[in-house]
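Heads up: the structure comes next, in structure tokens.
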Amino acid sequence: MQSKDQAAIVTGGASGLGAATARKLAGKGARVAICDINARLAEAVAAEIGGIAVTCDVADAASAEAAIAASAKAHGPARILVNCAGIGVAKRVIGREGPMPLSEFDRVIKVNLIGSFNMLRLATADMSKLEPLSTGERGVVISTASIAAFDGQIGQAAYSASKGGIVAMTLPIARELAQFGIRVLAIAPGLFLTPLLAGLPQEAQDSLAAAIPFPRRLGSADEFASLVLHMVDNAYLNGEVVRLDASLRMAPK
């Protein structure tokens with residue numbers, strides 16, 4: 001599917017991987033709606049790329065429904081959904097203060113996994129009613145997993161579980177939505193220079209990069225966005241989770 005003139009929704013599009021993806025899609029002529037809980041940052045990115053900003057809590061059904069409706073009103077039903085919204089909490093199951101609070105595990109699952117499914121279920125319901133393109137496609141969904149889904153570290157139980165859920169649901173949903181010509185994919189990034197890691201001292205960044213085989217550096221958000229564009233363009237990619245990690249396999253801690 002060509003991105004040009006297509007309506008696209010990017011969750012978590014106000015910063016990091018999501019913002020880079022929104023910029024890349026807009027650069028290819030897509031009409032982009034940036035859905036993010038941070039309204040101020042979303043509006044700034046939307047103004048930069050000529051898109052719209054929609055305040056959205058992806059883990060909330062009503063908020064997600066309103067965001068999908070606002071996007072459709074502005075740009076028409078989306079044929080492209082990229083799920084980048086997510087949070088990370090580093091916490092041991094049994095810490096110095098006792099067991100990990102269940103509410104913290106619950107929140108990570110709700111935002112990362114349930115939030116991704118929430119946006120997917122709503123966006124694809126609209127996609128399924130669209131006329132197919134010349135390729136037979138009606139739409140494509142790309143969610144953000146993580147290499148922590150495969151080799152999560154100590155303290156990443158909640159994060160790894162949430163991202164592992166995204167990995168596990170990609171194929172069955174792709175199989176289900178194949179009847180509508182909707183492709184479903186996921187990217188599992190490694191260590192990327194997002195705002196979180198960019199805030200670390202250079203010495204800490206260099207230490208992280210030293211564990212990466214090649215290229216021995218943190219990934220750039222633009223590289224993630226480039227893979228999103230390729231997945232949108234390549235109609236034969238479906239039901240797949242692609243690791244984007246420079247062959248990094250994380251140690252236990």
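Between Ile34 atom CD1 and Ile49 atom CD1 the span is 4.0 Å, to the nearest 0.5 Å. In this structure, CG on Asn234 lies 11.0 Å from OG1 on Thr135, to the nearest 0.5 angstrom. Leu248 contributes atom CG, which lies 4.0 Å from atom CD1 of Ile147 (distance to the nearest 0.5 angstrom). Met119 contributes atom CE, which lies 6.5 Å from atom CG of Asn83 (distance to the nearest 0.5 angstrom). The CD1 atom of Ile87 sits 8.0 Å away from atom OG of Ser162, with the distance rounded to the nearest 0.5 Å.
Around atom CZ of Arg249, more than 12 heavy atoms belonging to other residues, nucleotides or ligands sit under 6.0 Å away. Sparse packing is recorded around CZ of Arg92, with 12 or fewer heavy atoms of other residues, nucleotides or ligands lying under 6.0 Å away. Heavy atoms from other residues, nucleotides or ligands lying under 6.0 Å from CZ of Arg243 number more than 12. Other residues, nucleotides and ligands contribute more than 12 heavy atoms inside 6.0 Å of the CD atom of Gln179.
In plain terms, the two heavy atoms of Ala188 and Val241 that are nearest each other are CB-CG1, 4.1 Å. For the pair Ala225 and Ala20, the tightest heavy-atom approach, listed with the atom from each and the gap, is CB-O, 3.5 Å. Looking at every heavy atom in both residues, Met127 comes nearest to Gly139 through SD-CA, 3.7 Å.
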